[in-house]
Amino acid sequence: MTEDGKSQAALWILTAAFIANFPAVVAAKSPNVVFILADDFGWYDVGYHSSEIRTPNLDRLSAKGVRLENYYVQPLCTPSRNQLMTGRYQIHMGMQHQIIWPCQPYCVPLDEKLLPQLMKEAGYDTHMVGKWHLGMYKKDCLPTRRGFDTYFGYLTGSEDYFTHHRCYNIPQLNLTRCALDLRDGEEAVTAYKGIYSTELFSQRAISIIRKHNSSKPLFLYVALQAVHAPLQVPERYVAPYSFIKDNHRRLYAGMVSAMDEAVGNISLALRQEGLWDNTVLVFSTDNGGQTLSGGSNWPLRGRKWSLWEGGVRGVGFVASPLLKKPGTVNRELIHVSDWLPTLVGLAGGSTNGTKSLDGFNMWNTISKGFASPRLELLHNIDALYNDIAPCPGRQSRLTLARGVSADSWASSSFNTSIHAAIRASNWKLLTGYPGCDVWFPRPGHNSSTSGSSKVDPLKPVMLFDVEKDPEERNEVSAKFPNVVDYLLNRLQHHQKRALPINFPDNDPRCDPGPTGAWGPWALD
Ligand SMILES: *[C@@H]1O[C@H](CO)[C@@H](O)[C@H](O)[C@H]1NC(C)=O
Ligand SMILES: *[C@@H]1O[C@H](CO)[C@@H](O)[C@H](O)[C@H]1NC(C)=O
Ligand SMILES: *[C@@H]1O[C@H](CO)[C@@H](O)[C@H](O)[C@H]1NC(C)=O
Ligand SMILES: *[C@@H]1O[C@H](CO)[C@@H](O)[C@H](O)[C@H]1NC(C)=O
């Protein structure tokens, strides 16, 4: 062997040793991931969007992290959670319509591989606290059967913050059933009656953090009940908001303060346990604020349950000492479906086993400010869309639906009476009835634009340059017919690949009885 050959051999041995040890090295250094999801938290409800509501912890964490200001979620609870857990658009699961109601016998399809399963395969301990809302009619649908080592929380979409009881009308049985919805693992638990859920869930998250053995990385998903209706909050959180005259907004502000404190407590526990230096904390809302329950998305148009920016542009940020450009505001296009590839990538894991992903790995975009790999965003396509809440200034939903039937794009391959929206770079196209389209006034301010007088009639096809016009005030489809054609074709492309909507009738066997708990009723 020549000298050269020897040194090459030595190098080869070193390299081989390095490769052999690599998985262990990576595993030891994999960052902890803590994902905090708020419920129905609106664009104008965070301090750093100049809200009158105070969120010192969210402001401080995000100021040292990266604020995501061109970040999108789905307009409703189940769809956002679904996309977070699968990295895929809900049209690919037949779940493009509404949410899962307590008695509907379906869940995120069991052949979808979920984020916690992938994190587990990457060597993580996986824990979930809070709201599931991805289906529970049979045991295989539960979080403990879908990748989480432990679970503590509630399975339906909303409930009482203190009693942890959910009331739901089951028309098939002609009764409204109020029953417990709180589980530790798979067992219903009655011992927490009277404890405010924002405190209950943050205490549980903190106890998981304290017990965590740091020889393994931690994946903790905290899906807070806050700040979804009902408007319930201990008095001490509301006291600082006596200046807010609107009763709903005042109570809501108190709920936001409790949530902000919960996030502060969780981040403090991570520091106290020495985990923070190697932790990535993500904070996100699940959809826009609900104006009927104190939320605000000002100055954006619309609200939760609509495809206007007020429904889908979300509050979100990442806080972590691992960020390469901390203290920045990020304006790259990022979507809730992007977390799965992003977090599995950070974990050093593999997305092998998932179906075709719609999300992108955004870590370089978030951490280093690189351009987003996402060129398009399908907000949704839902041929059965209906808005169940009243929309001020609009006479009735039916009038609107009829008003959008005839149009100049009628020959397009995509049926423009269908509720849909798609985004490509600065352009956003909406078809059908997008949902309540009001510019709700800034809380504490009156505004003439909230009435019906100044609102133009809705058109079946609407185009906005949301980069220049995030308030969606200037409809420009007539000026850019080529953009409209292109985006209608893209909608048709997605619609062809959508599964038929799965939205089953209530199964009356869901009834837990007066002393039972909401939970799995069907045999596997
Ligand atoms: C449903 O229940 C209400 C009150 O319990 C009763 O008055 C009504 O007759 C019931 N309707 C049917 C269709 O059974
Ligand atoms: C935060 O921690 C403090 C101190 O332990 C506690 O009093 C408070 O209830 C916690 N807040 C929440 C929302 O859990
Ligand atoms: C943490 O886990 C490692 C590896 O399994 C084990 O050796 C160690 O004893 C654990 N530490 C504690 C405090 O449980
Ligand atoms: C992906 O997973 C399958 C089945 O678990 C396995 O056979 C295959 O080797 C994996 N591929 C990669 C690239 O890890």
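Numbering of ligands and ligand atoms starts at 1, following listing order. What's counted below: heavy atoms across the whole structure, side chains too, no hydrogens, waters or symmetry copies.
Residue contact annotation: Y237 has a non-hydrogen atom under 4.0 Å from ligand 2.
Note that atom 7 (O) of ligand 3 has no protein non-hydrogen atoms nearby, at separations under 4.0 angstrom. Within 4.0 Å of atom 4 (C) of ligand 3, at least one protein heavy atom is present.
Residue contact check: E261 has heavy atoms under 4.0 Å from atoms 1 (C), 8 (C), 9 (O), 10 (C), 11 (N), 12 (C), 13 (C) of ligand 2. For ligand 2, the atoms closer than 4.0 angstrom to any heavy atom of A258 are 13 (C).
Looking only at distances, a side-chain donor or acceptor of S51 sits under 3.5 Å from a matching main-chain atom of Y44. Remark: side-chain polar atoms of N502 are not paired, donor with acceptor, to backbone N or O of G94 under 3.5 angstrom.
Regarding atom 9 (O) of ligand 2, its nearest protein heavy-atom neighbour is E199 OE2, 3.1 Å. Nearest protein heavy-atom neighbour of atom 10 (C) of ligand 2: N265 ND2, 2.4 Å. Closest to atom 14 (O) of ligand 2 among all protein heavy atoms lies S202 OG, 2.7 Å. What sits closest to atom 11 (N) of ligand 3 on the protein, heavy atoms only, is N213 ND2, 3.0 Å. Closest to atom 1 (C) of ligand 1 among all protein heavy atoms lies N174 ND2, 1.4 Å.
Nearest approach of T126 to F148, heavy atoms of both residues: OG1-CA, 3.4 Å.
W298 has its ring centre no less than 6.0 Å from the ring centre of F440. Separation of the Y196 and F162 ring centroids falls under the 6.0 Å cut-off.
Figure legend: cation-pi geometry between R183 and F152 absent, as NZ or CZ is not positioned both under 6.0 Å from the six-membered ring centre and within 45° of its axis. Under the 6.0 Å distance and 45° angle rule, R271 counts as a cation-pi partner of W276.
How far OH of Y124 is from NZ of K216: 11.5 Å, rounded to the nearest 0.5 Å.
Only the side chain of R236 comes within 4.0 Å of ligand 2, counting heavy atoms alone; its backbone N, CA, C and O stay farther away.
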